[in-house]
Amino acid sequence: MVEALRLAREAGEAGEVPVGAVALHEGQVVGRGRNAREGTRDPTAHAELRAIQEAARTLGRWRLSGVILVSTLEPCAMCAGAMVLARIDRLVFAAADPKAGAAGSLQNLSSDARLNHRFPVEQGLCAAEASALLKDFFRGRRG
C-alpha cells in the first residue's frame, strides 16, 4: 500500500484524482498505475486498469491468477469488472467509495455469483491516509 499511496500522491501532484494501484505477484510488484484521465484524455485511464495492464505485459498473460491488486480507493464498476475478467486472486483497498465503489459499497462485483470469477476483498488498510489525500485534493478544487 505504501507504493500505491506514493502513486496516488504523484497523481494528485499532476492534477489527477489521487488514486494509485499496484499489482503483486509472488510478493513482487508486476504492475503500477495512477490515475491519468486528465493527462491522457482517456476515461479508462484509472489507476487499477493501468496496474492490471502493466501486470499482464510483465507476466505475459491476460489471466492474472496469483495476482493481488492493491488500490488506494475502492474500485469502480469498470475496474472491478476488469479484475473479474483478469481473474485476479485478491483485492486490497484503502478507502471505500460510497458514490462509485463496486467492491462492497454500491455493488459487489467481486463476489457476484452470476459472474464466472470471484475474489476476496480486504478493505481499510491505510484508509485514513488515502481518504485524506482525496479530501485535500477535492477541497483544493472547490475553493
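Side-chain atoms of V121 and R90, non-hydrogen and from C-beta on, never get closer than 4.5 Å to each other. By the 4.5 Å heavy-atom criterion applied to side chains, T44 and Q53 are not counted as neighbours. The side-chain heavy atoms of H46 and V19, taken from C-beta on, include no pair separated by under 4.5 Å. Two residues are said to be in side-chain contact when any heavy atoms from C-beta on lie closer than 4.5 Å; P75 and L91 meet this criterion. A heavy-atom distance below 4.5 Å is not found between the side chains of P18 and N35. The closest side-chain heavy-atom distance from L64 to H25 is not below 4.5 Å. Annotation: side chain of F119 is in contact with side chain of V84 (closest heavy-atom distance under 4.5 Å). Side-chain atoms of R87 and N116, non-hydrogen and from C-beta on, do get closer than 4.5 Å to each other.
The structure places OG1 of T40 at 6.0 Å from CZ of R50, a figure rounded to the nearest 0.5 Å. In this structure, the separation between CD1 on I88 and NE2 on H117 is 6.5 Å, given to the nearest 0.5 Å. Of the inter-residue distances, the one linking E13 atom CD with E10 atom CD reads 7.5 Å to the nearest 0.5 angstrom. L125 CG to S71 OG: the interatomic distance, rounded to the nearest 0.5 Å, is 11.5 Å. Here the CE-CE distance, from M78 to M83, works out to 10.0 Å after rounding to the nearest 0.5 Å. K135 NZ to L133 CG: the interatomic distance, rounded to the nearest 0.5 Å, is 11.5 Å.
A donor-acceptor contact shorter than 3.5 Å is absent between the side chain of R63 and the backbone of S65.
In the hydrophobic cluster analysis, where Ile, Leu, Val, Met, Phe, Trp and Tyr join through side-chain heavy atoms closer than 4.5 angstrom, L7 is grouped together with V92. Under the 4.5 Å side-chain heavy-atom criterion for ILVMFWY residues, a single connected hydrophobic cluster contains both V67 and F93. A single hydrophobic cluster is seen to contain both F138 and L73, as judged by linkage of ILVMFWY side chains at heavy-atom distances under 4.5 Å, directly or through other members. Placement of I68 and V30 in two distinct hydrophobic clusters is found when ILVMFWY residues are connected by side-chain heavy-atom separations under 4.5 Å, directly or transitively.
The shortest heavy-atom contact between E38 and E16 is N-OE1, 2.9 Å. For the residue pair A102 and A80, the shortest heavy atom distance occurs at O-CB, 3.8 Å. Nearest heavy-atom pair across L5 and C126 is CD1-CB, 3.9 Å. The two atoms that bring A82 and L49 nearest to each other are CB-CD2, 3.3 Å, heavy atoms only. Nearest approach of A51 to A23, heavy atoms of both residues: O-CB, 4.0 Å. The nearest pair of heavy atoms linking A94 to M1 is N-CE, 3.7 Å.
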Audit row: V29, L24, side chain to side chain contact (heavy atoms under 4.5 Å, CB included) steps and yes/no: CA-CA 5 Å; V29 175; L24 303 169; 3.6 Å; yes
Walk me through whether E74 and Q123 qualify under side chain to side chain contact (heavy atoms under 4.5 Å, CB included). CA-CA 8 Å; E74 179 181 0; Q123 66 182 51; 5.6 Å; no
Could you walk me through whether T72 and E129 pass the side chain to side chain contact (heavy atoms under 4.5 Å, CB included) check? CA-CA 9 Å; T72 60; E129 187 173 351; over 6 Å; no
